[in-house]
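Have a look at the structure below, then the notes.
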Amino acid sequence: MELVMKEFAEEHLPEMTEIWNDVVEEGISFPGDKALSEKEALKMFREQASTVCATLNGEVVGVYILHPNNFGRCGHIANASYAVRKDCRGEGIGRKMVRHCLENAREKGFRGLQFNAVRIRRLFIFMKAWAFIKSGRLKTAII
């Protein structure tokens with residue numbers, strides 16, 4: 001059982017959309033507030049600097065998107081969002097996606113990766129272990 005990271009391919013769109021929408025509907029981590037149709041997801045995934053799915057034994061178990069955090073003079077800093085299939089959470093898939101994303105961002109010319117909305121305690125602990133620097137916290141943030 002090897003976790004394989006693959007650049008976006010339309011053949012994985014239904015599974016990627018379902019995983020993405022599960023996270024949106026949970027209302028904990030992503031800013032979006034409505035589930036995407038496959039057509040909307042296809043557009044969003046294509047607009048990213050990189051969209052990657054994590055597969056395990058041929059099944060899609062996670063997805064991440066990578067893009068500039070902002071434009072112009074801030075375009076050298078990346079931002080990413082990660083989603084892991086519900087029944088696969090807590091197995092280290094997210095950690096492996098972040099590791100892959102950091103390498104991917106570097107290859108695409110980004111010089112840093114900024115997390116804007118870390119609201120999941122496991123991810124916060126992981127980021128701290130990897131020496132990410134916390135630059136601020138909202139009072140209503142959940143960590």
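Just so you know, residue 1 is the first one in the sequence shown, and it goes up from there.
- Between the OG atom of Ser81 and the CD atom of Gln48 there is a distance of 8.0 Å, given to the nearest 0.5 Å.
- Checked against side chain to side chain contact (heavy atoms under 4.5 Å, CB included), Asn70 has the following partners two or more places apart in sequence or in another chain: Cys74.
- A distance of 9.0 Å separates CG in Leu42 from CD in Glu38, rounded to the nearest 0.5 Å.
- Taken to the nearest 0.5 Å, the CG atom of Asn69 stands 4.0 Å off from the CD atom of Gln114.
- Using a 4.0 Å cut-off between charged side-chain N and carboxylate O, Lys34 and Glu40 make a salt bridge.
- With respect to the salt-bridge test (charged N to carboxylate O, under 4.0 angstrom), the residues Glu26 and Arg89 qualify.
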Side-chain donor-acceptor contacts of residues 103-110 below 3.5 Å, not counting sequence neighbours, with atom names and distances?
residue	atom	partner	partner atom	Å
Asn104	OD1	Lys108	NZ	3.4
Asn104	ND2	Ser50	OG	2.9
Asn104	ND2	Tyr64	OH	3.0

Let's go through Glu7 and Val52 carefully: what are the C-alpha distance in whole Å and the side-chain angles of both, what is the deciding distance for side-chain contact (heavy atoms from CB on, under 4.5 Å) to 0.1 Å, and is it a yes or a no? CA-CA 4 Å; Glu7 275 294 324; Val52 174; 3.6 Å; yes
What do the steps show when you test Leu56 against Cys88 for side-chain contact (heavy atoms from CB on, under 4.5 Å), and what is the final call? CA-CA 10 Å; Leu56 187 62; Cys88 297; 5.7 Å; no
Set out, in order, the CA-CA distance, both residues' side-chain angles and the distance that settles side-chain contact (heavy atoms from CB on, under 4.5 Å) for Tyr82 and Ile93, then state yes or no. CA-CA 10 Å; Tyr82 308 89; Ile93 292 167; over 6 Å; no
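- With rounding to the nearest 0.5 angstrom, the CG atom of Leu113 is 8.5 Å from the CD1 atom of Ile77.
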Determine whether Met5 and Lys96 satisfy the following criterion, side-chain contact (heavy atoms from CB on, under 4.5 Å), listing intermediate values before the conclusion. CA-CA 9 Å; Met5 302 295 168; Lys96 290 176 183 172; 4.1 Å; yes
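- Counting heavy atoms from C-beta on, the side chains of His12 and Val63 never come closer than 4.5 Å.
- When the shell of 6.0 Å around CD of Glu91 is examined, it contains more than 12 heavy atoms from other residues, nucleotides or ligands.
- Within the 4.5 Å cutoff, the side chain of Glu47 has no heavy atoms near those of the His67 side chain.
- Between Lys86 atom NZ and Asp22 atom CG the span is 4.5 Å, to the nearest 0.5 Å.
- Inter-residue side-chain proximity for Leu13 and Phe45 is flagged as met; some heavy-atom pair is nearer than 4.5 Å.
- Counting all heavy atoms, side chain and backbone alike, Leu66 lies closest to Ala78 at CD1-CB, 3.6 Å.
- Shown here are the salt bridge (Lys or Arg N to Asp or Glu O under 4.0 Å) partners of Arg46, two or more places apart in sequence or in another chain: Glu10.
- Across Cys53 and Val60, no two heavy atoms sit closer than the pair CB-CG1, 4.1 Å.
- Residues Leu36 and Val24 form no side-chain contact, since every pair of their non-hydrogen atoms from C-beta on lies 4.5 Å or further apart.
- Heavy-atom minimum distance, Met97 versus Ala83: CE-O, 3.6 Å.
- Once rounded to the nearest 0.5 Å, the distance linking CG of Leu3 with CZ of Arg95 reads 13.0 Å.
- In terms of heavy-atom proximity, Asn21 sits nearest to Ala35 at OD1-CA, 3.4 Å.
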